[in-house]
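This report refers to the structure that appears directly beneath it.
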Amino acid sequence: MIQITLPDNSIREYPEGITGLEIARSISEGLARNVLAAKVDDQVWDATRPIMKNAHVKLLTWNDAEGKSTVWHSSAHLMAEAIEALYPGTKFGIGPDIENGFYYDIDLGERSISDADFKAIEDKMLELARKDQKYLRKEISKAGALEFFTTKNDEYKLELINDLQDGEITLYESGAFTDLCRGPHLPDTSVIRAVKVLSVAGAYWRGDEKRKQLTRVYGISFPKQKELTEYLTLLEEAKKRDHRKLGKELELFTFSQRVGSGLPLWLPKGAALRERLERFLKEVQRKAGYVQVITPHIGNVELYKTSGHFQKYGKDSFQPIKTPVEGEEFMLKPMNCPHHCEIYTSKPHSYKDLPVRIAEFGTVYRYEQSGELHGLTRVRGFTQDDAHIFCRPDQVKEEFMGVMDIVLHIFRALDFKDFTAQISLRDPNDKEKYIGSDENWEKAESAIVEAVEAKGMKATIEMGEAAFYGPKLDFMVRDAIGRKWQLGTIQVDYNLPERFELEYAGNDNQKHRPVMIHRAPFGSMERFVAVLIEHCAGKFPLWLAPEQVVILPISEKYVNYAKKVLHLLDNYEIRGRVDDRNEKTGKKIRDAELDKVPYMVIVGEKEENENSLSIRKQGVGDLGTQSIEAFATMMKDEIKKMTE
RNA sequence: GCCGAAAUAGCUCAGUUGGCCAGAGCAGCUGAUUUGUAAUCAGCGGGUCGGGGGUUCGAAUCCCUCUUUCGGCUCCA
């Protein structure tokens, strides 16, 4: 007998070789029907795999993330079986579960799959699923596995097997499809009752762009049709928040083929929004001891040779432009740091001056591959809310924490709660890739880790993700449909101060090298505004709304009063306009609601007579009548609360 | 850059298998109406069907090519 400890810490005795499924059955038939896999001592196992010794066991159902993963992983196999049946001779790469669903990378040879084929694949999957096929786990020797896939002529599987150790190789067989797989899988296909093939895309084999591009088929599955329908509805709703759609509807920005792809044009309302954000951050930075500078949009190539960027990124940048007479070469500014280094060196510094914090909303241009451009989140010309802090080595940690305060302050003011922090350190196995001494790297890396700890912030640590010149801390958020984007960044740099030979006089009257911290709390105005739009679905917080109020006169007779109100509100720095179109009030309200203007002010005979306003809040409705002063004060209070 | 898909009026879209002068709603313009919390009515203008080339008696529709956009991959100082 073996002892099984369940999550409630109760201990039950079972014969050796008991399975998760049998344990579930011993508790209740209902549980047994719902169990998808079993977590055995922190490893997810097939529910049908025998447990041979004492263990902690958690039975996993659809309500557990690992339960869902198991369903999706098994669904990937099911889809592969369907594809093999429909497209005989297909070769298979890998087919994992992902955050929402699963995919399988396949090589169809000369054939291809398009949207029109999805239905047939779905139907085949459901047909196979209804057979309640079992997933059978088989341990196999390396030689046996190689022989099996050689016979099957599956070169991708053979490559994968060659990287595996003998004795750790398992196959899973379900119906007519056998796959090289670590598992775990469902007991059988009876759980898979609703499937959807979502999209196809190209994907390089093993993520290497020099290797063959396979066809990646994405799908998702659910135990019930109702859950699939709900998921698809949710996806549709999320698409309505897409910043590209809202940016067009709300007239925030546009693109022009003639200007060039990846080069956003900010429309008046978008520019107003962006300017608000810039003003807000400038004020925060002023209080934190930053000084603003302005530098040109181009720089001599020598500048980037000094910084090292030319050697590293020159080929992948917009190519230098030349002066017609002298033949001098200039590059479009791809980053602001070299310019700021030159500002630092424009006068001598004492240790008493440091830290020097140089800030600029600097517009930079980077050549992004055409297929990478994406709305406002990935563009070729963008403005960084950049600043470079030049400080003494002993000030790094404190400065780093100061920057984190600014980032967190901004996220709080904009109600960003779902961000994650990522610490990027150097790859310890490939130190050659990085510039700078071991000692400096270790100092900088520990400064970041300690600062994050001191702030009580949760952060993931990624080895090998550091920039070539230093480690960094990035803040990531998700867009409407779940894609991750990097916003704010804080990077320590020991490299540029060397290359630009930056120095300060210490209290020993010797020359010392400052440390540089690059930081951009928003990241770029473009990407930040994009994420902000999706975050609030276009309903900006009052202090940022391009128009805070629209005044709606009931008829032509009250347009003068409406204009007077607008003027009075303007004295309170409240932005708005009068809708004096020859339309009914209902129409004006509808249009203001669709424009997502936070407040509507309706004025007619009654309001003009008693010098008052009828207030309507966007998305809420009629708030009743208020005096102009009371309304203005209410707005000002609401704004103050948000930006403090 | 790579794989796949798409591009019709300012916007959202219809336009079967090639065949009247390419349509609708919204927006716009003109007029009527003077309006009270999510769409007043009528009339009018607007398209080289993304650009170029080809097949055909005939192309928005089929083929080639370029551009842009979308979904991924790769990349991201």
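Residue numbers start from 1 in every chain, and the chains themselves are labelled A, B, ... in the order their sequence lines are given, proteins ahead of strands.
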Listed nucleotide nearest any side-chain atom of Arg378(A), set A77(B), G36(B), C75(B): C75(B)

Distance, C1' atom - from U16(B) to G23(B), rounded to whole angstrom: 15 Å

Sugar-phosphate only, base, or nothing, as touched by Asp208(A) at under 4.0 Å among non-hydrogen atoms: nothing

Aromatic contact, Phe522(A) with Phe528(A) (centres under 6.0 Å): yes

Protein-nucleotide distance (Ile113(A), atom CD1; G4(B), atom P), rounded to Å: 12 Å

Ring centre gap for Trp72(A) and His77(A) strictly below 6.0 Å: no

Any side-chain donor near an acceptor of the partner, Thr625(A) and Glu607(A), under 3.5 Å: no

Sugar-phosphate, base or nothing in reach of Glu249(A), heavy atoms under 4.0 Å: nothing

Under-4.0 Å side-chain N/O to phosphate OP1/OP2 contact, Arg616(A) with A38(B): yes

For atom NZ of Lys588(A) and atom C1' of U33(B), their distance in whole Å: 13 Å

Sugar-phosphate, base or nothing in reach of Gly586(A), heavy atoms under 4.0 Å: sugar-phosphate

RNA chain B: 5'-proximal contact among Arg206(A) and Tyr313(A) (nearest heavy atom): Arg206(A)

Lys NZ or Arg CZ of Lys91(A) over Tyr156(A) ring: under 6.0 Å, within 45°: no

Identify all pairs in which a protein N or O lies below 3.5 Å from an N or O of nucleotides 60-70 of chain B, and state each distance.
residue: U67(B); atom: O2'; partner: Gln257(A); partner atom: OE1; Å: 3.1
residue: C70(B); atom: OP1; partner: Arg244(A); partner atom: NH1; Å: 3.0

Pairwise C1' distance, U61(B) and C75(B) [rounded to whole Å]: 38 Å

Ser614(A) and Lys606(A) side chains, donor-acceptor separation under 3.5 Å: no

Candidates C73(B), A77(B), G36(B) - which lies nearest the side chain of Ile554(A): G36(B)

Sugar-phosphate, base or nothing in reach of Asp115(A), heavy atoms under 4.0 Å: nothing

Nucleotide paired to C41(B) in any strand shown, Watson-Crick or G-U, under 3.5 Å: G31(B)

Interatomic distance, Tyr103(A) OH vs C73(B) P [rounded to whole Å]: 8 Å

Watson-Crick or G-U counterpart of A5(B), or none if no pair lies under 3.5 Å: U69(B)

Pi-cation contact, Tyr204(A) with Arg211(A) (under 6.0 Å, within 45°): no

Base C73(B) paired with Arg211(A) side chain (donor-acceptor, <3.5 Å): no

Asp105(A) versus Trp205(A), side-chain donor and acceptor atoms under 3.5 Å: no

Rounded interatomic separation in angstrom, taking OH from Tyr218(A) and C1' from G71(B): 9 Å

base_contact_polar (G10(B) base, Glu251(A) side chain, donor-acceptor, <3.5 Å): no

Listed nucleotide nearest any side-chain atom of Arg216(A), set U34(B), C73(B), U37(B): C73(B)

Integer-rounded Å distance: A77(B) C1' and Asn336(A) CG: 11 Å

Gap between atoms CZ and P, on Phe382(A) and A77(B) respectively (whole Å): 10 Å

Partner nucleotide of U17(B) by Watson-Crick or wobble geometry (both distances under 3.5 Å): none

Separation of the C1' atoms in G46(B) and C11(B), to the nearest angstrom: 13 Å

Sugar-phosphate only, base, or nothing, as touched by Thr215(A) at under 4.0 Å among non-hydrogen atoms: nothing

Plane angle bin for Tyr599(A) and Phe631(A) - parallel if under 30°, tilted between 30 and 60°, otherwise perpendicular: perpendicular

Residues Thr383(A) and Thr363(A): side-chain donor-acceptor under 3.5 angstrom: yes

Tyr104(A) and Phe92(A) aromatic centres sub-6.0 Å: yes

Sugar-phosphate only, base, or nothing, as touched by Glu607(A) at under 4.0 Å among non-hydrogen atoms: base

Distance, P atom - from A22(B) to C64(B), rounded to whole angstrom: 27 Å

Nearest-nucleotide 5' precedence on RNA chain B, Gln486(A) against Ser199(A): Ser199(A)

Touch class at under 4.0 angstrom, heavy-atom based, for Gly621(A) against every strand present: nothing

Minimum-distance nucleotide to Ala203(A) side chain [options: C75(B), C73(B), A77(B)]: C73(B)

Gln319(A) versus Tyr367(A), side-chain donor and acceptor atoms under 3.5 Å: no

Value in whole Å for how far the P atom of C2(B) lies from NZ of Lys212(A): 16 Å

Which protein N or O atoms sit under 3.5 Å from an N or O of nucleotides 26-28 of chain B?
residue: A27(B); atom: OP1; partner: Lys587(A); partner atom: NZ; Å: 2.7

Mutual orientation of the aromatic rings belonging to Trp441(A) and Tyr434(A) [parallel < 30°, tilted 30-60°, perpendicular > 60°]: perpendicular

Touch class at under 4.0 angstrom, heavy-atom based, for Lys584(A) against every strand present: base

Touch class at under 4.0 angstrom, heavy-atom based, for Ala201(A) against every strand present: base

Aromatic contact, Tyr344(A) with Phe390(A) (centres under 6.0 Å): yes

Span that lies between the P atom of A24(B) and that of A42(B), in whole angstrom: 15 Å

Ring centre gap for Phe540(A) and His535(A) strictly below 6.0 Å: no

Partner nucleotide of G58(B) by Watson-Crick or wobble geometry (both distances under 3.5 Å): none

Arg590(A), nearest nucleotide to its side chain (from U34(B), A77(B), A38(B)): A38(B)

hbond_proxy Gln213(A) side chain to C2(B) base (donor-acceptor, 3.5 Å cutoff): yes

Options A77(B), U34(B), C75(B), nucleotide nearest the side-chain atoms of Lys557(A): U34(B)

A24(B) - base-pair partner by Watson-Crick or wobble geometry, distances under 3.5 Å: U12(B)

Integer angstrom distance from the C1' of G45(B) to that of G50(B): 24 Å

Same-atom distance (P) from U37(B) to G28(B), integer angstrom: 22 Å

Separation between the C1' atoms of U55(B) and U65(B), rounded to whole Å: 15 Å

Length of the CG-C1' vector between Leu214(A) and G4(B), whole Å: 14 Å

